[in-house]
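Read through the structure below, which is laid out as structure tokens, and then see the notes.
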Amino acid sequence: MKILSSLLALTIGVTLIVLSQAAQSADTYVFDDPVTETRYKALVKELRCPKCQNQNLADSNAPIAKDLRREVYQLLQEGKADKEIVDFMVDRYGEFVLYRPKVSSLTYVLWFGPLVLLVIGIIVMILIVRNKPTIDRSAKLSTQQKSKLDQILKDK
């Protein structure tokens, strides 16, 4: 009974922590029009959280993500264009904040690396298949090999 009550208390505690985290992540920004709100949602989904590896600003609960959401909101309220906001974030945090970084000399490996690896893999696979020794199934055993095989089968 004591274990059951401990498990119940632990479950309630974990549930409260999860619910409080979810409640903290909800931003309550007020927008002048639905277009600006739509732009805000698109921008926070397009920008990556600098702390979290694979979360955008909308999904991250990190304090820096909250700050950046507020920054995006303020820039939108100042009348900045989406490109200006994205450029501001890139200037401040680098290309890392973009889920789809621009193609440049710094991002060639990111954009074309997987394709190059695929081509190299295909070439290696073709070379392996071409150099694979073929088994000559039409070759026949010599009389000496046949007698040796017969002896092995008899001994077995």
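Keep in mind the model is a prediction, meaning the values are calculated, not measured.
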Measure from the side-chain N and O atoms of [X] to the backbone N and O of [Y], and report whether any donor-acceptor pair falls under 3.5 Å.
{"X": "S60", "Y": "L57", "answer": "no"}
{"X": "W111", "Y": "P101", "answer": "yes"}
{"X": "T107", "Y": "L110", "answer": "no"}

As an exercise, state the distance from [atom1] of [X] to [atom2] of [Y], rounded to the nearest 0.5 Å.
{"X": "L141", "Y": "S147", "atom1": "CG", "atom2": "OG", "answer": "10.0 Å"}
{"X": "N61", "Y": "Q55", "atom1": "CG", "atom2": "CD", "answer": "7.5 Å"}
{"X": "R39", "Y": "I85", "atom1": "CZ", "atom2": "CD1", "answer": "5.5 Å"}

Requested in this report: Under the side-chain hydrogen bond (donor to acceptor under 3.5 Å, both in side chains) rule, collect the residues that match up with T36, sequence neighbours excluded.
Outcome: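 Testing T36 for side-chain hydrogen bond (donor to acceptor under 3.5 Å, both in side chains), a comparison that skips the adjacent residues, returns D33.
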Query raised in the report: With D155, which residues qualify under side-chain hydrogen bond (donor to acceptor under 3.5 Å, both in side chains), at least two apart?
Result: Q151
Supply the members, apart from [X], of the Ile/Leu/Val/Met/Phe/Trp/Tyr cluster built from side-chain contacts under 4.5 Å; use none for a lone residue.
{"X": "L118", "answer": "I122, I126"}
{"X": "L117", "answer": "none"}
{"X": "I123", "answer": "V119, L127"}

Requested in this report: With sequence neighbours excluded, give me every salt bridge (Lys or Arg N to Asp or Glu O under 4.0 Å) pair touching residues 45-62.
Outcome: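 Matches after skipping sequence neighbours: E46-R100.
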Query raised in the report: Any salt bridge (Lys or Arg N to Asp or Glu O under 4.0 Å) pairs touching residues 101-110, not counting sequence neighbours?
Result: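 For residues 101-110: D87-K102.
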In chain order, what residues pass the side chain to side chain contact (heavy atoms under 4.5 Å, CB included) check against [X], with sequence neighbours excluded?
{"X": "E71", "result": "Q74, L75, F88, M89, R92"}
{"X": "Y29", "result": "D27, F31, Y40, R69, R70, Y73"}
{"X": "V109", "result": "none"}
{"X": "S105", "result": "Y108"}

**Report entry** Atom of I64, atom of C49 and distance for their closest heavy-atom approach
**Finding:** CG2-SG, 4.1 Å
**Report entry** Atom CD of E78: over 12 foreign heavy atoms under 6.0 Å
**Finding:** yes
Report task. Could you pull out all residues at least two apart from F96 that satisfy ring-ring contact (aromatic ring centres under 6.0 Å, His included)? Result ->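 Scan of F96 (ring-ring contact (aromatic ring centres under 6.0 Å, His included), adjacent residues dropped) gives none.
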Query raised in the report: Quick one: are Y99 and L47 in side-chain contact, heavy atoms under 4.5 Å?
Result: no
Requested in this report: Just do the side chain to side chain contact (heavy atoms under 4.5 Å, CB included) check on V97 and V90 with the steps written out, would you?
Outcome: CA-CA 6 Å; V97 296; V90 169; 4.2 Å; yes
**Report entry** Full working for side chain to side chain contact (heavy atoms under 4.5 Å, CB included) between L68 and V44
**Finding:** CA-CA 9 Å; L68 292 179; V44 296; over 6 Å; no
Query - Common cluster, L106/V86, ILVMFWY with side-chain heavy-atom separation under 4.5 Å - result: no
Report task. Consider only side-chain heavy atoms of I, L, V, M, F, W and Y, link residues closer than 4.5 Å, and tell whether L43 and V35 are in one cluster. Result -> no
